[in-house]
Amino acid sequence: MTKFVELASDISVLLSKYAGAYFGGIWKTLALALVATAIGCVIGYLCGVLQTIPHTKSDSAVKRFFLALIRVVIRIYVEVFRGTPMVLQAVFIYYALPYFSGNALRFDNIWVAGILVVSINTGAYMAETVRGGIISIDPGQTEGAKAIGMNHFQTMLYVIMPQVTRNILPQIGNNYIINVKDTSVMFIIGFSEFFAVHRAVVGATYKYFPSATIEMAGYLCMTLIASFILRWIEHKLDGADNYTLVENDTLTMSAGTYSYDGEGESDESRERIRQSLKHGRSRGER
């Protein structure tokens with residue numbers, strides 16, 4: 001118990017001195033994760049759509065060649081950035097420009113470098129997520145869209161992608177939560193996010209475990225709030241649990257596809273519907 005009291009005392013001392021630094025690191029972490037996840041989703045959607053463009057042997061050789069080339073490039077990009085740690089990707093992207101250009105080219109804005117690294121990494125994961133979401137949609141929907149005259153772009157925009165977005169929304173949220181935690185490696189390029197603040201505080205106070213406890217609680221709060229918001233969004237996208245059918249649609253009733261019990265209608269309204277079904281409507285009513 002004494003140790004817990006001592007831990008609480010150390011945490012109180014750290015927060016009294018460095019609360020501003022901790023909250024500043026939290027803000028930078030959330031901003032970096034949110035912006036990078038949004039850009040990564042755009043990259044992922046673009047790559048996913050490009051990988052699923054249909055082609056047949058009857059298409060021109062030029063079209064088939066370029067589609068094959070695009071798929072190879074995307075596959076290399078996905079495998080490289082999914083198969084290597086983000087910390088090494090940050091090192092290669094941030095230090096590659098000055099290394100190969102003799103310091104003529106470099107990142108003058110650390111935000112640009114951080115967003116670029118996390119976005120490209122997220123895009124690699126989202127590319128496969130989107131591709132899987134697209135191919136999971138029933139092919140009959142694509143055929144139906146083509147049957148009513150839609151081209152491939154219209155089919156993807158109005159029929160396929162809305163369903164894909166709803167289906168992969170949990171994975172988008174998962175990538176955001178992962179980015180909230182994985183931005184902790186951005187200290188390697190000098191980005192002062194939440195974990196970098198922890199390292200600075202420890203260097204000044206040598207209170208590693210109390211500061212790590214603050215970090216743990218901070219990351220947990222950020223991810224729990226994100227999870228709550230994402231589940232709320234999913235619930236809203238699901239719509240109502242049940243729907244009330246239109247009870248005075250004579251076409252539906254006459255087709256025999258709806259059982260009408262007349263509840264909530266006046267006697268006059270029910271009689272008018274009964275007569276219209278029996279004798280048909282006059283030309284003026286049509």
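Just so you know, these numbers come straight off a predicted model, no measurement behind them. Computation of the quantities below employed the complete heavy-atom set of this structure, encompassing side-chain atoms and omitting hydrogens, waters and symmetry-equivalent molecules.
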Between [X] and [Y], is any pair of side-chain heavy atoms under 4.5 Å apart?
{"X": "I43", "Y": "M126", "result": "no"}
{"X": "C47", "Y": "V130", "result": "no"}
{"X": "V185", "Y": "F195", "result": "no"}
{"X": "M156", "Y": "I134", "result": "yes"}
{"X": "N167", "Y": "I137", "result": "yes"}
{"X": "I189", "Y": "M186", "result": "yes"}
{"X": "T52", "Y": "I160", "result": "no"}
{"X": "V35", "Y": "I39", "result": "yes"}

Inset, instruction - Walk me through it: do T213 and L7 pass the test side chain to side chain contact (heavy atoms under 4.5 Å, CB included)? - result: CA-CA 9 Å; T213 303; L7 175 61; 4.1 Å; yes

Inset, instruction - Among residues two or more places apart or on two chains, list those pairs meeting salt bridge (charged side-chain N to carboxylate O under 4.0 Å, His left out) that have a residue in residues 152-172. - result: R166-D238

Legend entry - Qualifying salt bridge (charged side-chain N to carboxylate O under 4.0 Å, His left out) pairs, either residue in residues 171-198, two or more places apart: none

Nearest non-hydrogen partners of [X] and [Y], listed with the distance:
{"X": "G133", "Y": "I168", "value": "CA-CG2, 4.3 Å"}
{"X": "P210", "Y": "L14", "value": "CB-CD1, 3.8 Å"}
{"X": "A226", "Y": "I177", "value": "CB-CG1, 4.2 Å"}
{"X": "V159", "Y": "A145", "value": "CG2-CB, 4.2 Å"}
{"X": "D59", "Y": "R64", "value": "O-NE, 3.2 Å"}
{"X": "R71", "Y": "I53", "value": "NH2-O, 2.7 Å"}

Following the transitive rule for hydrophobic clusters with a side-chain heavy-atom cut-off under 4.5 Å over Ile, Leu, Val, Met, Phe, Trp and Tyr, establish whether [X] and [Y] coincide in one cluster.
{"X": "V202", "Y": "F23", "result": "no"}
{"X": "V72", "Y": "F65", "result": "no"}
{"X": "L15", "Y": "M216", "result": "no"}

Kindly compute the distance separating [atom1] ([X]) from [atom2] ([Y]), expressed to the nearest 0.5 Å.
{"X": "L67", "Y": "Q51", "atom1": "CG", "atom2": "CD", "value": "11.5 Å"}
{"X": "F92", "Y": "L97", "atom1": "CZ", "atom2": "CG", "value": "13.0 Å"}
{"X": "Y219", "Y": "L224", "atom1": "OH", "atom2": "CG", "value": "14.5 Å"}
{"X": "L32", "Y": "T37", "atom1": "CG", "atom2": "OG1", "value": "8.5 Å"}
{"X": "N179", "Y": "L34", "atom1": "CG", "atom2": "CG", "value": "10.0 Å"}
{"X": "M222", "Y": "L220", "atom1": "CE", "atom2": "CG", "value": "9.5 Å"}

Inset, instruction - Would you indicate whether R231, at its atom CZ, is surrounded by more than 12 heavy atoms from other residues, nucleotides or ligands within a distance under 6.0 Å? - result: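 No, not enclosed.
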
Inset, instruction - Take atom CH2 of W111 as the centre, draw a 6.0 Å sphere, and report whether it contains more than 12 heavy atoms from other residues, nucleotides or ligands. - result: yes

Legend entry - is_close_aromatic(H198, Y208), centroid dist under 6.0 Å: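 When the ring centroids of H198 and Y208 are compared, they turn out to be within the sub-6.0 Å range.
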
Where the side chain of [X] meets the backbone of [Y], is there a donor-acceptor pair that is under 3.5 Å apart?
{"X": "S119", "Y": "L116", "value": "no"}
{"X": "S12", "Y": "S9", "value": "no"}
{"X": "Q89", "Y": "T84", "value": "yes"}
{"X": "T29", "Y": "F194", "value": "yes"}

Inset, instruction - Verify whether one side chain among T122 and N175 offers a donor that lies under 3.5 Å from an acceptor in the other. - result: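 No donor-acceptor contact under 3.5 Å links the two side chains.
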
Inset, instruction - For the residue pair T205 and Y18, confirm or rule out a side-chain donor-acceptor distance under 3.5 Å. - result: no

Legend entry - Qualifying side-chain hydrogen bond (donor to acceptor under 3.5 Å, both in side chains) pairs with a residue from residues 144-160, counting only residues at least two apart or across chains: none

Legend entry - SB check D10 K207 (cutoff 4.0 Å): yes

Legend entry - SB check K3 E6 (cutoff 4.0 Å):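 So K3 pairs with E6 through a salt bridge.
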
Inset, instruction - For Y125, check ring-ring contact (aromatic ring centres under 6.0 Å, His included) against everything at least two apart and list the hits. - result: none

Inset, instruction - List for me each residue that meets ring-ring contact (aromatic ring centres under 6.0 Å, His included) alongside Y176, sequence neighbours excluded, and say none if there are none. - result: none

Legend entry - side chain to side chain contact (heavy atoms under 4.5 Å, CB included) assessment of M161 paired with V49: CA-CA 9 Å; M161 297 314 296; V49 170; 4.2 Å; yes

Legend entry - Chi angles and distances behind the salt bridge (charged side-chain N to carboxylate O under 4.0 Å, His left out) call for E128, R75: CA-CA 9 Å; E128 287 300 284; R75 175 54 55 189; 3.3 Å; yes

Legend entry - Steps toward ring pair (Phe, Tyr, Trp, His ring centres under 6.0 Å) verdict (F81, Y77): CA-CA 6 Å; F81 282 89; Y77 157 64; 5.4 Å; yes

Inset, instruction - Take S211 and Y22 through the side chain to side chain donor-acceptor pair (under 3.5 Å) test and state the conclusion after the steps. - result: CA-CA 10 Å; S211 182; Y22 281 120; 2.8 Å; yes

Inset, instruction - Anything under 30° is parallel, anything over 60° is perpendicular, the rest tilted; go ahead and classify Y94 against F107. - result: parallel

Inset, instruction - Applying salt bridge (charged side-chain N to carboxylate O under 4.0 Å, His left out), name anything that partners D108, two or more places apart in sequence or on another chain. - result: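 So D108 forms a salt bridge (charged side-chain N to carboxylate O under 4.0 Å, His left out) with R106.
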
